[in-house]
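Every chain is numbered from 1, with letters handed out A, B, ... down the list of sequences.
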Amino acid sequence: MTLYERIYFVIRQIPHGKVATYGQIARIVGACSPRMVGYALAALQSGSDTPWQRVINSQGKISLRIDEIENNLQQLLLEAEGVTFDEKGKTDLQQFGWEGVTWEWLNKHNMLNYEN
DNA sequence: CTGATGACGGTGC
DNA sequence: GGCACCGCCATCA
């Protein structure tokens, strides 16, 4: 199982209507750097079953490349799930932030070898 | 094997 | 709040 696959696996645990940050995903899978998460998502191709739209940066903002179409799509998908954005495109992590996985979940999937 | 390529985060100014 | 660094390393050509 590659690091990318672990990252996608964790992202699929994010519930509907919640969002997680890159750093949060990184800590869960044990990636030394949050960049790995971003890189994994960048390598993701459209048509994947991974809810990539629920992953945003630590400031609660959508952080995509210079692709406005995909950028708007991400916000659209999240708003369809009930996540709201302010006029600056920021979402309230206190309200919509994901709590993360449980210790039991990590143990169940043998991810304790990597961190936590 | 080597080098290029990246959806970030924290810190300091 | 914004900006410039720096750390970070799996994947691919």
Item to check | Atom-pair distance (CD1 on A:I11; P on B:dC8), nearest Å | outcome: 13 Å
Next on the checklist: Please report the distance, rounded to the nearest Å, between OH in A:Y39 and C1' in C:dA10.
Outcome noted: 10 Å
Next on the checklist: OP1 or OP2 of C:dA10 versus the side-chain N and O atoms of A:T2: is any pair under 4.0 Å?
Outcome noted: no
Next on the checklist: Without decimals, in angstroms, what is the distance between A:M36 CE and B:dT5 C1'?
Outcome noted: 11 Å
Checklist entry - Any side-chain heavy atom of A:W52 within less than 4.5 Å of one from A:L77? => result yes
Checklist entry - A:K88 has an atom NZ; how far is it from atom C1' of C:dG1, in whole Å? => result 10 Å
Item to check | A:R35 and A:Y39: side chain donor to acceptor below 3.5 Å | outcome: yes
Which atom pairs link the protein and nucleotides 9-13 of chain B when you take only N or O atoms and keep those under 3.5 Å?
unit_1: B:dG9; atom_1: OP1; unit_2: A:G23; atom_2: N; d: 3.4
unit_1: B:dG9; atom_1: OP1; unit_2: A:S58; atom_2: N; d: 3.1
unit_1: B:dG9; atom_1: OP2; unit_2: A:S58; atom_2: N; d: 3.1

Item to check | Validation row: A:W98, A:I28 side chains within 4.5 angstrom (heavy atoms) | outcome: yes
Checklist entry - Can you tell me how far P of C:dA10 sits from OH of A:Y4, to the nearest Å? => result 9 Å
Next on the checklist: Any side-chain N or O of A:S33 below 4.0 angstrom from OP1/OP2 of C:dC9?
Outcome noted: no
Next on the checklist: Looking at A:E81 and A:R54, is there a salt bridge between them, counting it only when a charged N and a carboxylate O are closer than 4.0 Å?
Outcome noted: yes
Item to check | Shortest side-chain distance from A:K90, nucleotide among C:dC8, C:dA10, C:dG1 | outcome: C:dG1
Checklist entry - What is the distance, rounded to the nearest whole Å, between atom NZ of A:K61 and atom C1' of C:dG2? => result 10 Å
Next on the checklist: Looking at A:T84, is its backbone amide N or carbonyl O close enough to the side chain of A:T91 to form a donor-acceptor pair, meaning the two atoms are under 3.5 Å apart?
Outcome noted: yes
Checklist entry - Between C:dC8 atom C1' and A:I7 atom CD1, what is the distance in whole Å? => result 13 Å
Checklist entry - Is A:Q53 reaching over with its side chain to a backbone N or O of A:Q74, donor-acceptor style, under 3.5 angstrom? => result no
